[in-house]
Number of protein chains: 2
Amino acid sequence: MTDAESFLAEYDPREYPPVAVTVDVVALTIRDGKLCVLLIERGEQPFAGHRALPGGFVRDETLDEAARRELAEETDVRLVEDRVHLEQLGTYGNPGRDPRMRVVSVAYLAFAPHLPEATAGSDAARAYWVPVEEAKDLAFDHDQILADGLERARDKLEYTPLATAFVGTEFTVSELRAVYAAVWGEELHAGNFHRKVLSVPGFVESTGGTVARGGERGGPKAKLYRAGDARLLHPALLRPTREDRVR
Amino acid sequence: MTDAESFLAEYDPREYPPVAVTVDVVALTIRDGKLCVLLIERGEQPFAGHRALPGGFVRDETLDEAARRELAEETDVRLVEDRVHLEQLGTYGNPGRDPRMRVVSVAYLAFAPHLPEATAGSDAARAYWVPVEEAKDLAFDHDQILADGLERARDKLEYTPLATAFVGTEFTVSELRAVYAAVWGEELHAGNFHRKVLSVPGFVESTGGTVARGGERGGPKAKLYRAGDARLLHPALLRPTREDRVR
DNA sequence: TTAATAGTGTCTATAAGACAATATTAC
DNA sequence: GTAATATTGTCTTATAGACACTATTAA
């Protein structure tokens, strides 16, 4: 009798039915100033024809590795390897969330700088970026997972340098402000934002350079920055109008 | 062929080995001014004789229900049903974290007001509260899970009214301050803390009453408060000396 | 009375937000 | 030039933290 067998013998299989473990990934990026999520089109039942978050079974690997692998299978591997921030979001395991059997899904949240159309992966023909406000009626409980992911992203923008994960290695303050605007869904005062970002120790550091040319319709050349070494923003960049979220 | 069978037939069982799903609970309370965690003594291999977080297999129930059930099995059910705050902490599934087979554990974090010695549950003889600084060398990866739970607790005290989950339905500002001191591991200035707590809308509301008598060694009778309706503290009660945690 | 604790007042430095002003650049 | 944008300045209000102070109560 192996360890695994004696372990399994401890319980009645009827009381502990077989469980499958999957990972699902909420991958977020910003395209054309809009916050977008990576979705796939389901071909089979259940939820055939519906859109869903990319995901799949966990193999002989860590959960983090499984999430990174699933993401790499749907988008450009090269980009995914380097600069994608990946963190665990939560685990969803209600009985019945998958009609076929008990499936416990560990959801991950990924933040990526502007990515090209997802066409390089193996299943890439089925994967595409969708503005988050258009991502409705997803398969399984993926509407809930997406909602939780968005809430997490909005929160973490406040007190972590996460916004820098959505831009290139060098960026302007305006680009960073556009990230906050896209994720929070509201415009921010340019002047106050600028001063605030530069006042947080370790959030950004100057490269000394500037962009090659000003904006499309005029304006000075903006200075370039890179991400600093801060892991937490202090003071934080709090969202305006928290009142509705407080009670 | 049932749905489950066809589902399982999609993959090679050698590539997707069987997985067990468990819940583990980091249950925290405050006893004698110290932050304590509920631990059990393991009787069997592996890690026989080691202490571990309470936990067990997920049955035909939600993950939340599983966590609540496991907690109830180790402590007083009546108390657990009402006033315990329970939230998902994270999921731990590295291959090899359990030497017997692949086990994915969904960890939960529980906050409870001062609880009696854990003696009422079925396995209660093995369960006891341990000051967190003495909870070392736990089984499996439970040291890491506990560390993550403590970090989460310390963070949430800052921007949520979580501290009220550690005290009774009616409490004094001093009792609340003792919670912060125990969880953060540092004393807080009584006067500033007092004014700050009362200034956060919805954090606490006055009951109109006071305690029956002052402190052991003198002092006025403190006013009593109950938890307010705020779900987020604004402004937050930030920990002092964040510098070391920022970089 | 004494010591301990609850609760308030005050002052300073920092931060947030409103808003104005200046500077630079594409067209 | 004109319009757009980057960046800085100023002012008001809110907050954090240090510290002093008063009030109340058990022993």
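By convention in this document, chain letters (A, B, ...) are assigned in the order of the sequence lines, proteins followed by strands, and residues within each chain are numbered from 1.
A distance-only check finds no donor-acceptor pair linking the side chain of A:Thr91 to the backbone of B:Thr91 [under 3.5 Å].
Across the protein-nucleic acid pair, B:His234 atom NE2 and D:dA16 atom C1' stand 14 Å apart, rounded to whole Å. Remark: C1' of D:dA14 and CG of B:Leu238 are 14 Å apart, rounded to the nearest angstrom. Between A:Lys223 atom NZ and C:dT24 atom P there is a gap of 11 Å when expressed in whole angstrom units. As a whole-Å value, the separation of A:Phe193 CZ from D:dT5 C1' is 15 Å. Distance A:Arg239 CZ to C:dG17 C1': 18 Å, rounded to the nearest Å.
Remark: A:His194 is not in phosphate contact with D:dA6, judged by side-chain N or O atoms under 4.0 Å from OP1 or OP2. Here B:Arg177 reaches the OP1 or OP2 of C:dA6: one of its side-chain N or O atoms lies under 4.0 Å away. Residue A:Lys221 places none of its side-chain N or O atoms closer than 4.0 Å to OP1 or OP2 of C:dA23. Taking side-chain N and O atoms only, B:Arg195 has no distance below 4.0 Å to OP1 or OP2 of C:dA6. Taking only side-chain nitrogens and oxygens, A:Arg213 never comes nearer than 4.0 Å to OP1 or OP2 of D:dA4.
Residue contacts shown for B:Ala212 are absent, as no nucleic acid heavy atom lies under 4.0 Å away.
Using a 3.5 Å distance cut-off with no hydrogens or angles, the side chains of A:Asp24 and A:Tyr92 do not pair a donor with an acceptor. No hydrogens or angles considered: a donor-acceptor pair under 3.5 Å links the side chains of A:Glu41 and A:Tyr128.
When the nucleotides C:dT5, C:dT8, C:dA15 are ranked by their closest atom to the side chain of B:Ser174, C:dT5 comes out on top. Closest contact between the side chain of A:Lys196 and the listed nucleotides C:dA16, D:dA16, D:dT5 involves C:dA16. Each of D:dG9, D:dT5, D:dG17 was ranked by its minimum atom distance to the side chain of A:Asn192; first place goes to D:dG9. Distances from the side chain of A:Ala222 to the nucleotides C:dA6, C:dA23, D:dT7 place D:dT7 closest. Side-chain proximity of B:Arg217 to the nucleotides C:dT5, C:dT24, D:dT8 is greatest for C:dT5.
Using cut-offs of 30° and 60° for the angle between ring planes, the B:Trp184 and B:Tyr180 rings count as perpendicular. Below 30°, between 30° and 60°, or above 60°: for B:His85 and B:Phe111 the angle between ring planes is between 30° and 60°, a tilted geometry.
Map A:Leu224 and B:His189 each onto its nearest nucleotide of DNA chain D; the residue landing nearer the 5' end is A:Leu224. Nucleotides of DNA chain D nearest to A:Glu175 and B:Pro220 differ in position, and the one nearer the 5' end is that of A:Glu175.
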